[in-house]
Every structure is written in C-alpha cells, then in structure tokens.
K.L.:
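Sharing a structure with you now.
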Amino acid sequence: MKRILEAAESLRAVDPAATAVARGLRKVIGRGAADRLLRGAWLGHPVHPLLVTLPIGAWVSATVLDLSGQPEAARRLVSIGLAATAPTVLTGLAEFSGLDRDQRRVGAVHALTNTLAAGCFLAANRTSRRNARFWTAAGLVALSADGALGGHLSYAQGAGVGRWSALQPGDQ
C-alpha cells in the first residue's frame, strides 16, 4: 500500500493540469481574507481535515443504517454527506492551490478519487435499494482510497503542517 501511495508522488502525467488548476485557484482565491478563511488561518491549521469527517461519517453511518433495515434514514444520510461535500471540496481546493509539485500530484489523485466516491454515493441515492448497495460499496472503496491519499498528503508529505504556526495573532 505504501508503494502505491508513494507512486502518486511520481505521477508526472498530472503535472500540466494540476499546475494550471493550482495557478487558477490561486488567482481566484488570492491571498486575502478568502484564503485565510478557507485555509484555516483563523483556526491555526487547515479546515479541510475537519470537514472531511462530515461526508465520511454520513456515508459510513448510512451504510450501517441500510444494513440494519433503515433504508430511508440511510438515503437521508447519503444526502447529508453529499451536501457536506461542497464545502469540503472548496477547502480542499484552497489547500491544493498552495501545494508543491509532488503534493499536487497526490492531491490531484486524491481529488479524482473524491469525485469518484461522491459520484458513487450520488448514484446510490438515485437508484433502487438493490443497486444502491452496489454503488454504496463502490463509494466506500473509493472513499477508503481517497482517505489513504489524503492521509499520505498530510502525514507523509506534510501538506499544511505548521503553515500558520509562524503567524502572529494579528496576521491571521
């Protein structure tokens, strides 16, 4: 597994698109109040890792509810997870705009697997219960890969680590 995660760091094929996206995001977000809000200056660390718990928790809990015979409650939780995805992605994109080349490579794969996971859960919510179980299982697999990539980005590559610690309270 470690080799697979590290292989994403060498994925040069994503460089042109990832660099263009990062530059475009930096132009849109800038370095002012929006950047500080989305990237967590007010908190002292990135906001994105906190927000990821919402869709993950909702989708995993939805699976438990569905397996325990509560499919309608499960569908509601999938919807909550999908709604929580938008702000989570927004803060992730803000973080992406400040990554170095190797981190952007992993971040790009992370973003793609996140998109796949969210798409699977969206499909699960728009189909029969039988088909929903297939899409939920596929979504959980993608979500697991996505989490492993996000963890690699944060813990192995140090994305976002210590960024705000050098700032004085008035700078935030």
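Here the structure is a predicted model, which is why all the values come from computation and not from measurement. In what follows, every heavy atom counts, from backbone to side chain, and hydrogens, waters and symmetry copies are set aside.
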K.L.:
For S128, check side chain to side chain donor-acceptor pair (under 3.5 Å) against everything at least two apart and list the hits.
P.N.:
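Per chain and number, S128 pairs via side chain to side chain donor-acceptor pair (under 3.5 Å) with N131.
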K.L.:
Quick one: pull up CG in L90 and CD1 in I29 and give me the separation to the nearest 0.5 Å.
P.N.:
7.0 Å
K.L.:
Do the non-hydrogen side-chain atoms of L149 and L5 ever get within less than 4.5 Å of each other?
P.N.:
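With C-beta onward as the side chain, the pair touches.
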K.L.:
How about H152 and E6: do any of their side-chain heavy atoms sit closer than 4.5 Å?
P.N.:
yes
K.L.:
Please name all residues satisfying side chain to side chain donor-acceptor pair (under 3.5 Å) with S154, sequence neighbours left out, ordered by chain then number.
P.N.:
none
K.L.:
Heavy atoms only: give me the nearest P71-R129 pair and the separation to one decimal.
P.N.:
CB-NE, 3.6 Å
K.L.:
Tell me, which pairs form a salt bridge (Lys or Arg N to Asp or Glu O under 4.0 Å) where one or both residues lie in residues 132-153, sequence neighbours left out?
P.N.:
D66-R133
K.L.:
Check whether V52 and L50 end up in the same hydrophobic cluster, where Ile, Leu, Val, Met, Phe, Trp and Tyr are linked by side-chain heavy atoms less than 4.5 Å apart.
P.N.:
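The answer is no; the residues belong to distinct hydrophobic clusters.
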K.L.:
Report the residues that fulfil side chain to side chain contact (heavy atoms under 4.5 Å, CB included) with L116, sequence neighbours left out, ordered by chain and then residue number.
P.N.:
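L116: side chain to side chain contact (heavy atoms under 4.5 Å, CB included) contacts with C120, A142.
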K.L.:
Using side chain to side chain donor-acceptor pair (under 3.5 Å) as the criterion, list what pairs up with D102, not counting sequence neighbours.
P.N.:
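D102 satisfies side chain to side chain donor-acceptor pair (under 3.5 Å) with R105 only.
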K.L.:
With hydrophobic residues grouped by side-chain heavy-atom distances under 4.5 Å, do V141 and L122 end up in a single group?
P.N.:
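No, separate clusters.
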K.L.:
Can you sort out the partners of V60 under side chain to side chain contact (heavy atoms under 4.5 Å, CB included), two or more places apart, ordered by chain and number?
P.N.:
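V60 satisfies side chain to side chain contact (heavy atoms under 4.5 Å, CB included) with I56, L140 once adjacent residues are dropped.
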K.L.:
Just wondering, do V14 and L112 contact through their side chains at under 4.5 Å, heavy atoms?
P.N.:
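They are not in side-chain contact.
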K.L.:
Could you pull out all residues at least two apart from T91 that satisfy side chain to side chain donor-acceptor pair (under 3.5 Å)?
P.N.:
H48
K.L.:
Tell me the ring-ring contact (aromatic ring centres under 6.0 Å, His included) pairs involving residues 103-129, sequence neighbours left out?
P.N.:
W59-F121
K.L.:
Hey, any chance L54 and L37 share a hydrophobic cluster, counting ILVMFWY side chains that come within less than 4.5 Å of each other, even indirectly?
P.N.:
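Yes, same cluster.
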K.L.:
Scan the side chains in residues 74-89 for donor-acceptor partners under 3.5 Å anywhere in the protein, sequence neighbours excluded, and list what turns up.
P.N.:
residue: R75; atom: NH1; partner: A124; partner atom: O; Å: 3.3
residue: R75; atom: NH1; partner: N125; partner atom: O; Å: 2.9
residue: R75; atom: NH1; partner: T127; partner atom: O; Å: 3.4
residue: R75; atom: NH2; partner: T127; partner atom: O; Å: 2.5
residue: S79; atom: OG; partner: R75; partner atom: O; Å: 3.2
residue: S79; atom: OG; partner: N125; partner atom: ND2; Å: 2.7
residue: T85; atom: OG1; partner: G81; partner atom: O; Å: 2.8
residue: T88; atom: OG1; partner: L51; partner atom: O; Å: 3.3
residue: T88; atom: OG1; partner: A84; partner atom: O; Å: 2.7

K.L.:
Linking I/L/V/M/F/W/Y whenever their side-chain heavy atoms sit closer than 4.5 Å, directly or via other members, would L99 and V109 fall into one cluster?
P.N.:
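Yes, because L99 and V109 connect within a single hydrophobic cluster, where side-chain heavy atoms sit under 4.5 Å apart.
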K.L.:
Side chain to side chain donor-acceptor pair (under 3.5 Å): which pairs involve residues 21-34, sequence neighbours left out?
P.N.:
R26-D35, R26-S97
K.L.:
If hydrophobic clusters are built from ILVMFWY residues whose side chains come within less than 4.5 Å, do V106 and M1 share one?
P.N.:
yes
K.L.:
Would you list the pairs meeting ring-ring contact (aromatic ring centres under 6.0 Å, His included) in which at least one residue belongs to residues 18-40, sequence neighbours left out?
P.N.:
none
K.L.:
Measure across S68 and L65 and return the closest heavy-atom pair with its distance rounded to 0.1 Å.
P.N.:
OG-O, 3.0 Å
K.L.:
Checking A22 now: which residues fulfil side chain to side chain contact (heavy atoms under 4.5 Å, CB included) with it, not counting sequence neighbours?
P.N.:
F96, R104
